[in-house]
> 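Pasting a structure below so you can have a look.
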Amino acid sequence: MSHPYRTIGAGTLRSDHVGETVTLSGWVARRRDHGGVIFIDLRDASGYVQVVLQDDENSHGLRSEYCVRIVGDVRARPAGNENPELPTGAIEIAAAELTVLSEAAPLPFPIDGQTAGEVGEESRLKYRYLDLRRGSAQKVLRMRSAANAIAREVMLRHEFVEIETPNLTRSTPEGARDFIVPVRLQPGHWYALPQSPQLFKQLLMVAGMERYFQIARCFRDEDFRADRQPEFTQLDLEMSFVSRDEVLDLAEEIIVALWRELAGVEIPRPFPRLSFADALSRYGSDKPDVRFGNELVDCTEYFAQTPFRVFQAAHVGAVVMPGGANQTRKELDGWQEWARARGAKGLAYVLVQPDGELGGPVAKNLSDAEKAGLAAHVGAQPGDAVFFAAGPIRREALELLGAARLEIGKRCGLIDESQWAFLHVVDFPMFQPTDTGWTAEHHPFTAPTAEWLDTFDKDPENALADAYDLVCNGWEIMSGSVRIHQSDVQRRVFETIGLTADQTESKFGFLLEAFQYGPPPHAGAALGWDRITALLAGVDSIREVIAFPKVASGGDPLTGAPTPITPAQRKEAGIDAVIESAN
RNA sequence: GGUCCCGUGGAGCAGCUUGGAGUGCUCGCCGCCCUGUCAAGGCGGAGGUCGCGGGUUCAAAUCCCGUCGGGACCGCCA
């Protein structure tokens, strides 16, 4: 039986098919018109094959990206004309029949060819359906599909249940701005799109599902970054009757399976674990890139008696820039600008001269004893530069140095790009200070660690939460926590962050009510699926792994979204309805 | 809300520092030639409000101000 369009994939043809008559359908990737004979590279989802056509009006008129059907015989290429570069290079199709299924207008940018990857992003997104015809883009989306399948396999093997949760819901307690949707049936009332399925998955634990997962779309109305889109995908999961390590084990299993099958790399387990406190001290970040060392050095004690006013601070730290002493004045000034762009006053530096003497504007402010031992204390060699951050708030000083460390890593080529450096960051602070008190660092349902169960509300500054992040090469790719299931603990958390009973009732009364009916101990996490697939694909932006992403102003160049609405739509949606009790 | 980079025929770039005719490169497009190419080749051709507006100047792609669009980052995103 023959198929009207295709009997076999173009890219699958090999020498053993010689002699067969095949029907192929696909696109004209390239054509080479010699007059009497015309070669075209026919592309379909399986790959390419060379088709040989005799010159006639039909074949001569073929252009790039015409959609065509070819019937012809597979034959071995004439001796000497094989192309070992191509999987199908030993054979070719002698076309007996050519049907143009549809023509293509001249292309807005090259699809096949060497410049294909260099096209401006706006143009690529406007014609995303053409952009996606390119092999590299196809590969990425197919890989993402495979990643989904691998994750599902792992989850189902562990008896997780895949459950969908609403996209039209109410505002949840995460910290981001909500996208809101007017409700025609209740003018003046609005749905919120979920920032994550957080509350629903906890309700599913109350419901006795025990193990839930979902490849869930999440929505947060915040500004874009290379790794942030307003709608993004998480592999969301929650487990009953487990503690932290079982969640981390499962996460490792998912990651190892993904990297094994999609990157061909065996990631050793268990992944290293680092406390938040150590991550901050050593790397100045809660998502350290540990593909290189060059760790921060604490200098607070070292400068305890310093005559230099700037270093008479609660916290002084340093990071070394190898070979940084021979930077030009302009480059060193550039670092000051770089630091100011991050809200710092500047970035003090000392240059270790080849003879070991210290140079730079800061050196003359230091005592002789300080100068003598400084290079040894921070681990600097002659020729290095040492950057310092000092200030009243330890975390701020360390984060500035952490950013400098990353920048140094990039500029000095310290980062081993071939490496996959996974680690769990654990024991986050439970609360962070606000102008008036405390707020939850993670979210208000995050449990304290066992040591802090009795005392977290007496010492919120130092209390630790049983929360965890998974980091790869400096990207946060998973975040989760053990949840609170005891009502008295929950009540104490609300009191600590200053929520009144009325506020908790109106914000998440339904969850607290559910928790009156025998909630199981539970814990969970969400894996940033766009970031994980971007890492696997080796691309710099998650836009590359999303079929139809948005640009930084929130628009989609292809559809033109968002658009204004008509007065009729506005009226029908009830956007302008006023509710007296609204606040 | 802020900082920085980019915007030049369909694509990707150079030209801008030091103002002087839309000047150049690679690719694509159109036509003709061409029977073994695979980034085919040869000849010829078309295609531009230099993002937009204003200013300086005898003269602006080039300098200045503003604005729009894209990107990176800070803030923001627990």
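Here the structure is a predicted model, which means the values were calculated and not measured. Letters A, B, ... are given to chains in the order of the sequence lines, protein chains preceding strands, and every chain is numbered from 1.
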> What's the CG-P distance between A:Asp223 and B:G70, to the nearest Å?
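That distance rounds to 13 Å.
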> I'd like the P distance from B:C63 over to B:G19, given in whole Å.
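My reading of the P atoms in B:G19 and B:C63 gives 9 Å.
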> Between A:Asp41 and A:Arg32, does any NZ, NE, NH1 or NH2 come within less than 4.0 Å of an OD or OE carboxylate oxygen?
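Answer for the salt bridge query: yes.
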> Distance from A:Leu347 atom CG to A:Trp338 atom CH2, nearest 0.5 Å?
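Atom-to-atom, A:Leu347:CG and A:Trp338:CH2 are 6.5 Å apart.
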> Rounded to whole Å, please give me the gap between CD in A:Glu122 and P in B:C68.
15 Å
> Give the B/S/- string for nucleotides 31-37 of chain B, one per nucleotide from 5' to 3', where a protein heavy atom under 4.0 Å of the base yields B, of only the sugar-phosphate yields S, and otherwise -.
S--BBBB
> Salt bridge between A:Arg291 and A:Asp289, side-chain N to carboxylate O under 4.0 Å?
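Counted as a salt bridge, because a side-chain N and a carboxylate O are separated by less than 4.0 Å.
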> If you measure from the C1' atom in B:G10 to the same atom in B:G28, how many Å do you get, rounded?
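The same atom, C1', in both gives a distance of 7 Å.
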> Under 3.5 Å, is there a donor on one side chain and an acceptor on the other for A:Tyr212 and A:Asp236?
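A pair is found: one side chain offers a donor N or O, the other an acceptor, under 3.5 Å apart.
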> Roughly how many Å apart are B:C25 and B:C32, using the C1' atom of each and rounding to a whole number?
25 Å
> Tell me which of A:Ala341 and A:Asn83 sits closer to the 5' end of RNA chain B, going by the nucleotide each one is nearest to.
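With A:Ala341 and A:Asn83 compared, the 5'-side residue is A:Asn83.
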> Return the nearest nucleotide to the side chain of A:Val551; candidates are B:C29, B:C77, B:G71.
B:G71
> According to a strict under-4.0 Å criterion, is A:Arg543 in side-chain N/O contact with OP1 or OP2 of B:A72?
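For B:A72, OP1/OP2 do have a side-chain N/O of A:Arg543 under 4.0 Å.
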> Select base, sugar-phosphate, or nothing to describe what A:Ala467 touches, counting heavy atoms under 4.0 Å on all strands.
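Here A:Ala467 touches no strand at all.
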> According to the Watson-Crick and G-U wobble definitions, with both distances under 3.5 Å, which nucleotide is paired to B:G66?
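With both distances under 3.5 Å, B:G66 matches B:C52.
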> Hey, what do you get for CZ (A:Phe508) to CZ (A:Arg170), rounding to the nearest 0.5 Å?
9.5 Å
> Both distances under 3.5 Å, Watson-Crick or G-U wobble: report the partner of B:U37, or none.
none
> Would you check if the side chain of A:Asp427 reaches a backbone N or O of A:Leu464 as a donor-acceptor pair within less than 3.5 Å?
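No, A:Asp427 side chain to A:Leu464 backbone: no donor-acceptor pair under 3.5 Å.
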> Find the partner of B:C76: check Watson-Crick (N1-N3 plus N6-O4 or O6-N4) and G-U wobble (N1-O2, O6-N3) distances, both under 3.5 Å, and reply none if neither fits.
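Its partner: none found.
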> Given the side-chain rings of A:Tyr349 and A:Trp335, with only the six-membered ring counted for Trp, is the space between their centroids under 6.0 Å?
no
> Watson-Crick or G-U wobble partner for B:C58, using a 3.5 Å limit on both distances?
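Looking at the geometry, B:C58 pairs with B:G20.
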> In Å and rounded to the nearest 0.5 Å, what is the CZ to CZ distance from A:Phe548 to A:Arg543?
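The distance works out to 16.0 Å.
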> If I pick the C1' atom on B:C33 and the same atom on B:G69, what distance separates them, to the nearest angstrom?
44 Å
> Which part of the nucleic acid, if any, lies within contact of A:Gln432, taking any heavy atom under 4.0 Å across all strands shown: a base, the sugar-phosphate backbone alone, or nothing?
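Since only primed, P, OP1 and OP2 atoms lie under 4.0 Å of A:Gln432, the category is sugar-phosphate.
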> Should A:Ser553 be listed as having a side-chain N or O under 4.0 Å from OP1 or OP2 of B:G70?
yes
> When the C1' atoms of B:G22 and B:C13 are considered, how many whole Å apart are they?
16 Å
> In whole Å, I'd like the distance from the CD1 atom of A:Ile40 to the P atom of B:C38.
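So the CD1-P distance, A:Ile40 to B:C38, works out to 16 Å.
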> For A:Trp335 and B:U3, what is the distance between atoms CH2 and P respectively, to the nearest whole Å?
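For the pair A:Trp335 CH2 and B:U3 P, the rounded distance is 22 Å.
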> Taking the same atom, P, in B:G47 and in B:C6, what whole-Å distance lies between them?
31 Å
> Using a strict cut-off of less than 4.0 Å between a Lys/Arg side-chain nitrogen and an Asp/Glu carboxylate oxygen, indicate whether A:Glu231 and A:Arg220 qualify as a salt bridge.
no
> In terms of the nearest nucleotide of RNA chain B, which residue is placed more toward the 5' end: A:Glu337 or A:Arg225?
A:Glu337
> Is any side-chain N or O of A:Arg342 closer than 4.0 Å to OP1 or OP2 of B:C73?
no
> What is the pairing partner of B:C4, taking Watson-Crick or G-U wobble pairs with both distances under 3.5 Å in any strand?
B:G71
> Checking all strands, does A:Arg228 fall into the base, sugar-phosphate, or nothing category for heavy-atom contacts under 4.0 angstrom?
base
> Return the polar atom pairs (N/O with N/O) between nucleotides 5-10 of chain B and the protein under 3.5 Å, or none.
{"unit_1": "B:G10", "atom_1": "O2'", "unit_2": "A:Pro108", "atom_2": "O", "d": "2.7"}

> Indicate yes or no: does A:Glu65 engage A:Arg133 in a salt bridge with an N to O separation below 4.0 Å.
yes
> If I pick the P atom on B:U57 and the same atom on B:U62, what distance separates them, to the nearest angstrom?
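My reading of the P atoms in B:U62 and B:U57 gives 16 Å.
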> A:Asp556 and A:Thr559: side-chain hydrogen bond (donor to acceptor under 3.5 Å, both in side chains), yes or no, with the steps?
CA-CA 6 Å; A:Asp556 171 8; A:Thr559 63; 3.1 Å; yes
> Looking only at atom P, what distance separates B:G15 and B:C5, rounded to whole Å?
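Pairwise P distance, B:G15 against B:C5, rounds to 16 Å.
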> From CD of A:Glu222 over to C1' of B:G2, roughly how many Å is that when rounded to an integer?
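One finds 16 Å between C1' of B:G2 and CD of A:Glu222, rounded.
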> Going by purine N1 to pyrimidine N3 plus the second Watson-Crick contact, or the G-U wobble pair, all under 3.5 Å, which nucleotide sits opposite B:C30?
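Pairing partner, where one exists within any strand: B:G44.
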> Report which part of the nucleic acid A:Gly120 touches: base, sugar-phosphate, or nothing (heavy-atom distance under 4.0 Å, all strands).
sugar-phosphate
> So, A:Gln234 versus A:Ser196: side-chain donor-acceptor pair below 3.5 Å or not?
no
